[in-house]
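As structure tokens, the structure follows; a few thoughts come after it.
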Amino acid sequence: MRIEAVTIFPEFFDVLDISLLGKARENNVIDFKAVNLRDYTHDKHKTVDDSPYGGGAGMLMKPEPWGEALDELLNPDGSTVLIIPSPAGELFKQATAQELAKEEHLVFACGRYEGIDHRVFEWAKDKAKLRLVSLGDYVLNGGEVAALAMIEAIARLIPGVIGNAESLVEESHSEGLLEYPSYTKPAEWRGLEVPEVLRSGNHAEIAKWRKEQSLERTKQVRPDLLD
């Protein structure tokens, strides 16, 4: 998979060089590049923002640098998925990550200030598979943190990124439920013991216990998932 993130802070994405995603990049499982939006400006100050028409607080990102950047990055056949992190977008879920993990090319457009001129969205919808995506009902200073979270959630589903692919099946949200509690050695720690069923060796009973625990945890913490 090829992934690009367009941003005025490319150093935000240095963390993708570490851990499993870093290894995936080294092994060419993922091709990632942080693209500096200021490289597509033409004034000495590398200006990417201006005041919004109609007034209002803050500044808005200009369409010209975005247009030039996307002209260069989007596949001409329209196959690129252009993801714009936005509190006005669809809610990012595990199912969203699973959908996007099947794509060949993702471009994240990381806005700042009060966002990006809306004409960029209107133009891009005919050039790529446009998706405005939100991490939740809150506002961040920019799209970089949201893009990082989405990239990690998506990339770890790509074959070859996670060593033990079976571990993905039992994670929270993989089946619409929260994950069951997990334990390791020692069997007793500070007066607290690992549930006996997990030490029994009875795999059918263990599977039953884990399912029950997932349902109970989901009922208590995220009952909306059961609805």
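None of the values given here were measured: they were computed from a predicted structure.
- In terms of modelled atom types and a separation under 3.5 Å, the side chain of Ser19 and the main chain of Leu21 share no donor-acceptor contact.
- Note that the NE2 atom of His105 and the CD1 atom of Ile3 stand 9.0 Å from one another [nearest 0.5 Å].
- Contact check on Arg112 versus Glu144 returns a salt bridge, with a Lys/Arg side-chain nitrogen under 4.0 Å from an Asp/Glu carboxylate oxygen.
- Taking a cutoff of 4.0 Å between a charged side-chain nitrogen and a carboxylate oxygen, Asp17 and Arg25 qualify as a salt bridge.
- A search for side-chain hydrogen bond (donor to acceptor under 3.5 Å, both in side chains) contacts involving Gln213 returns nothing, not counting sequence neighbours.
- How far CG of Leu130 is from CD1 of Ile83: 10.0 Å, rounded to the nearest 0.5 Å.
- A search for side-chain hydrogen bond (donor to acceptor under 3.5 Å, both in side chains) contacts involving Lys129 returns Glu103, not counting sequence neighbours.
- Note on residues 65-77: no pairs pass salt bridge (Lys or Arg N to Asp or Glu O under 4.0 Å), not counting sequence neighbours.
- The CZ atom of Arg217 lies 10.5 Å from the OH atom of Tyr180; values are rounded to the nearest 0.5 Å.
- For the side-chain contact (heavy atoms from CB on, under 4.5 Å) test, residues two or more places apart in sequence or in another chain that qualify with Glu205 are Val197, Asn202, Lys208.
- In summary, Arg210 and Glu212 do not engage in a salt bridge, as defined by a charged side-chain N under 4.0 Å from a carboxylate O.
- Grouped with Val139 in a hydrophobic cluster is no other residue, since no side-chain heavy-atom contact under 4.5 Å to another Ile, Leu, Val, Met, Phe, Trp or Tyr is found.
- Summarising the geometry, atom CG belonging to Asp49 is positioned 12.0 Å from atom CD1 belonging to Ile116; distances are rounded to the nearest 0.5 Å.
- A distance of 5.0 Å separates CG of Leu20 from CD1 of Ile162, quoted to the nearest 0.5 Å.
- Taking Glu216 as the reference, Lys219, Gln220 meet the side-chain contact (heavy atoms from CB on, under 4.5 Å) condition, with sequence neighbours excluded.
- Arg131 and Glu99 are joined by a salt bridge, as a carboxylate oxygen and a charged side-chain nitrogen come within less than 4.0 angstrom of each other.
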